[in-house]
Amino acid sequence: AGMPIYTLRNKTTGETRQTTDPGRAVRSGRWADIDKFKVPSLRGLAARPPYFHNGIAPTLKDTVIHYEVARGFLFTAQEREDLVAFLEAL
């Protein structure tokens with residue numbers, strides 16, 4: 001509920017499909033790639049700890065810190081708090 005629905009049309013066959021996430025097709029342009037990779041929604045993220053497939057981040061703050069280290073982000077303490085508050089609001 002509340003997710004946008006995309007209607008896609010195959011230019012070769014005229015076939016249409018509706019989806020909430022076109023998946024890999026957005027990048028590849030291939031009809032066969034529609035819905036091939038669906039990213040989980042961030043809505044309600046704060047209610048679903050622990051985070052990551054192996055549960056290594058018990059809180060959203062731990063998740064943000066993980067990405068700071070893994071991706072080299074440099075957040076101030078206030079930026080980190082603001083990002084966590086944003087994720088909690090989704």
Side-chain angles (χ1 to χ4, degrees):
M3 297 294 292
I5 296 178
Y6 301 95
T7 301
L8 307 172
R9 184 176 56 84
N10 186 315
K11 290 182 179 180
T12 304
T13 67
E15 179 185 358
T16 61
R17 284 183 60 183
Q18 289 189 324
T19 182
T20 58
D21 184 352
R24 289 184 185 163
V26 170
R27 294 194 69 131
S28 73
R30 295 182 60 225
W31 188 254
D33 286 346
I34 295 173
D35 295 326
K36 288 289 183 179
F37 183 81
K38 291 186 76 89
V39 177
S41 173
L42 292 179
R43 290 182 181 184
L45 181 66
R48 300 191 310 259
Y51 303 100
F52 297 108
H53 69 282
N54 58 0
I56 63 168
T59 68
L60 285 172
K61 183 176 180 180
D62 294 321
T63 303
V64 170
I65 291 170
H66 167 83
Y67 280 109
E68 282 187 84
V69 173
R71 296 292 186 187
F73 297 144
L74 298 174
F75 295 132
T76 65
Q78 184 63 54
E79 289 171 332
R80 189 178 307 113
E81 289 176 28
D82 290 346
L83 180 54
V84 170
F86 169 76
L87 293 171
E88 289 174 340
L90 294 176

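- Across every non-hydrogen atom of Val26 and Pro22, the tightest pair is CG2-CB, 3.5 Å.
- Contact record, Thr59 with Asp62: OG1-OD2, 2.8 Å, taken as the closest heavy-atom pair.
- Between Lys61 and Glu81, no side-chain nitrogen of the basic residue sits less than 4.0 Å from a carboxylate oxygen of the acidic one, so the salt-bridge criterion is not met.
- Val69 and Leu60 are members of different hydrophobic clusters when ILVMFWY side chains are connected at heavy-atom separations under 4.5 Å.
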Test log, rule side-chain contact (heavy atoms from CB on, under 4.5 Å), inputs Thr19 and Ile5: CA-CA 6 Å; Thr19 182; Ile5 296 178; over 6 Å; no
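- Minimum interatomic distance between Arg30 and Ala25 (heavy atoms only, all atoms of both residues): O-CB, 3.5 Å.
- Taking the side chain as every heavy atom from C-beta outward, Val84 and Leu87 never approach each other to under 4.5 Å.
- Leu45 and Phe86 fall within a single hydrophobic cluster, where Ile, Leu, Val, Met, Phe, Trp and Tyr side chains are chained together by heavy-atom contacts under 4.5 Å.
- Residue Arg17 is tested with Thr7, Ile34, Asn10 for a side chain to side chain contact (heavy atoms under 4.5 Å, CB included); the sole match is Ile34.
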* Asked: Hey, mind stepping through Trp31 and Thr13 against side-chain contact (heavy atoms from CB on, under 4.5 Å) and telling me if it holds?
  -> CA-CA 10 Å; Trp31 188 254; Thr13 67; 5.6 Å; no
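- Under the 6.0 Å cut-off for aromatic ring centres, Tyr67 and Tyr51 do not qualify, their centroids lying 6.0 Å or more apart.
- Atom CZ of Arg48 sits in a crowded spot, with more than 12 heavy atoms from other residues, nucleotides or ligands closer than 6.0 Å.
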Are Ile56 and His66 close enough, and set up right, to give a side-chain contact (heavy atoms from CB on, under 4.5 Å), and what steps lead you there?
-> CA-CA 9 Å; Ile56 63 168; His66 167 83; 4.2 Å; yes
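- When the shell of 6.0 Å around CZ of Phe75 is examined, it contains more than 12 heavy atoms from other residues, nucleotides or ligands.
- Annotation: the span from Glu68 atom CD to Leu83 atom CG amounts to 8.5 Å, rounded to 0.5 Å.
- Asp33 contributes no side-chain N or O that, together with a main-chain N or O of Lys36, makes up a donor-acceptor pair within less than 3.5 Å.
- Classification of Arg24 and Asp35 as a salt-bridged pair fails, no side-chain N sitting under 4.0 Å from a carboxylate O.
- Closest approach of Pro58 and Pro50 over heavy atoms only: CA-CB, 4.2 Å.
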